Novice: 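Just passing along the structure, written as structure tokens.
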Amino acid sequence: MIVAIDGPAGAGKSTVARALARRLGLGYLDTGAMYRALTWLALREGVPAADGAALAALARAEPVSLTASDAGLRVEIAGADVSTAIRRPEVTARVSEVSAHAGVRREMVARQREIMAAGGWVADGRDIGSVVWPEAEVKVFLTASGEERARRRLSDLEGMGVAASLDEVRADVERRDALDSGRAESPLIVAPGAVVVDTSDLDVEGVVDRVAGLVEAAAR
Ligand code: DC
């Protein structure tokens with residue numbers, strides 16, 4: 001069973017995907033964390049976000065490792081534990097640009113397919129149902145109003161002790177939406193066969209119930 005969960009920033013993908021994976025006893029693959037880890041390394045190494053060839057080479061040389069732990073997902077690249085650092089605003093500000101390069105996506109998608117090959121995964125991202133795993137048994141496109149998504153991002157940032165205003169966060173969410181949806185390479189789209197779920201007025205439990213229902217129906 002592969003469950004593909006795509007959608008814009010702040011729609012609740014990672015929260016829902018993680019909870020669903022736990023409920024169903026499946027693995028959770030956070031593909032955004034892979035693009036974030038590469039962005040973190042590029043910043044450290046001084047590789048410009050515009051240099052697609054250098055970024056793809058970096059992705060090939062330094063594969064991201066994701067491990068489930070009691071404390072959550074551990075993300076490592078080039079020997080560094082970047083689990084927390086990849087959520088910081090300076091990474092968030094650059095990740096859409098880094099992930100827009102075809103060469104970068106080729107590396108990441110190949111690795112994601114390798115990880116998921118044996119089945120038993122809930123994967124979230126922007127292109128799981130459209131590119132990475134179009135034959136997924138369940139495809140969901142999670143969305144929510146811009147206002148609500150900005151509010152959720154703000155509360156995530158507050159949880160990390162990062163100060164920001166709702167207006168700033170909203171502007172960043174909208175800027176990333178435009179980049180992720182407007183790029184030539186694997187843009188964020190509702191994949192053929194995906195069920196659109198608007199989470200604006202649902203709590204996490206409600207969304208997980210809804211998606212778990214889709215999984216149950218697909219398994220029948
Ligand atoms: O889900 P997230 O906010 O952690 O993702 C970070 C960025 O990575 C997002 O702005 C777009 C990119 N991304 C992508 O292009 N494809 C994916 N499958 C996952 C994330």
Side-chain angles (χ1 to χ4, degrees), residues 2-18 21 28-43 49 52 55-56 59 64 66 72-75 77 82-116 121-134 136 139-144 146 149-150 152-157 159-160 162 164 169-191 194 199:
I2 298 282
V3 182
I5 301 191
D6 292 301
K13 295 184 302 291
S14 57
T15 310
V16 167
R18 192 176 304 117
Y28 165 50
L29 181 61
D30 178 353
T31 64
M34 299 173 69
Y35 291 99
R36 285 174 178 272
L38 178 65
T39 303
W40 176 90
L41 186 62
L43 285 168
L55 290 165
V64 182
L66 301 176
L73 190 69
R74 186 162 70 240
V75 185
I77 190 165
V82 295
S83 314
T84 316
I86 59 167
R87 307 293 164 194
R88 300 205 59 88
E90 55 274 26
V91 172
T92 303
R94 286 271 171 269
V95 64
S96 285
E97 210 178 331
V98 168
S99 61
H101 298 292
V104 167
R105 304 202 69 83
R106 209 173 304 123
E107 295 298 328
M108 294 298 186
V109 168
R111 175 97 180 98
Q112 290 155 15
R113 287 182 179 149
E114 247 171 58
I115 294 172
M116 289 198 279
W121 291 93
V122 179
D124 79 351
R126 303 293 188 288
D127 61 341
I128 310 301
S130 56
V131 174
V132 178
W133 216 273
K139 297 190 209 181
V140 178
F141 188 89
L142 281 194
T143 186
R149 292 191 288 118
R152 291 175 188 172
R153 275 279 152 178
L154 184 62
S155 103
D156 287 349
L157 287 171
M160 292 190 295
V162 176
V169 175
R170 184 165 186 163
D172 179 64
V173 161
E174 284 170 358
R175 186 186 63 84
R176 284 210 289 147
D177 283 356
L179 286 170
D180 296 345
S181 304
R183 69 186 177 210
E185 204 58 48
S186 313
L188 171 65
I189 53 160
V190 179
T199 68

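All values derive from a computational prediction rather than experimental measurement. As the structure lists them, so they are numbered: ligands from 1, and atoms in each ligand from 1.
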Novice: I'd like to check whether Asp30 has a polar contact with ligand 1, where a contact means an N/O of the residue lying under 3.5 Å from an N/O of the ligand.
Specialist: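 There is no such contact.
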Novice: A quick test of your reading: do over 12 heavy atoms of other residues, nucleotides or ligands sit less than 6.0 Å from CZ of Arg170?
Specialist: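 Result for CZ/Arg170: enclosed.
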Novice: Between Arg36 and Thr92, is any side-chain donor less than 3.5 angstrom from a side-chain acceptor?
Specialist: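 Distance-only check passes for Arg36 and Thr92.
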Novice: Can you tell which part of Glu185 has a heavy atom less than 4.0 Å from ligand 1: side chain, backbone, both or neither?
Specialist: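 No part of Glu185 is near ligand 1 at this cut-off.
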Novice: Can you tell me which portion of Arg126 lies within the under-4.0 Å heavy-atom range of ligand 1? Options are side chain, backbone, both, or neither.
Specialist: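 Both parts.
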Novice: Classify the contact between Gln112 and ligand 1 as side chain, backbone, both or neither, using a heavy-atom distance cut-off of under 4.0 Å.
Specialist: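 The answer is neither; Gln112 stays 4.0 Å or more away.
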Novice: Looking at Arg111 and Glu107, is any side-chain nitrogen of the basic one under 4.0 Å from a carboxylate oxygen of the acidic one?
Specialist: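 No salt bridge links Glu107 with Arg111.
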Novice: With heavy atoms under 4.0 Å as the rule, classify the contact between Arg105 and ligand 1 as side chain, backbone, both or neither.
Specialist: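 Under 4.0 Å from ligand 1, Arg105 contributes side-chain atoms alone.
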Novice: Regarding ligand 1, does Asp180 bring an N or O atom to under 3.5 Å of one of the ligand's N or O atoms?
Specialist: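 Between Asp180 and ligand 1, an N or O pair is found under 3.5 Å apart.
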Novice: Between Tyr35 and ligand 1, is there a nitrogen or oxygen pair with a distance under 3.5 Å?
Specialist: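 No.
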Novice: Is the shortest side-chain N to carboxylate O distance from Asp177 to Arg153 below 4.0 Å?
Specialist: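 No salt bridge links Asp177 with Arg153.
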Novice: Tell me which one of Ile86, Leu66, Val109 satisfies side chain to side chain contact (heavy atoms under 4.5 Å, CB included) with Met34.
Specialist: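 Testing each of Ile86, Leu66, Val109 against Met34, the sole residue satisfying side chain to side chain contact (heavy atoms under 4.5 Å, CB included) is Leu66.
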Novice: Give the residue and atom name of whichever protein heavy atom lies nearest to atom 18 (N) of ligand 1, and the separation in Å to one decimal.
Specialist: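 Atom 18 (N) of ligand 1 sits closest to the protein heavy atom Asp127 OD1, 2.8 Å.
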Novice: Applying a 4.0 Å heavy-atom criterion (strictly less than), which segment of Met34 is in contact with ligand 1: side chain, backbone, both, or neither?
Specialist: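 Neither part.
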Novice: When you check the side-chain N and O atoms of Asp124 and Ser14, is any donor under 3.5 Å from an acceptor?
Specialist: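 On atom types as modelled, these side chains do not qualify, holding no pair under 3.5 Å.
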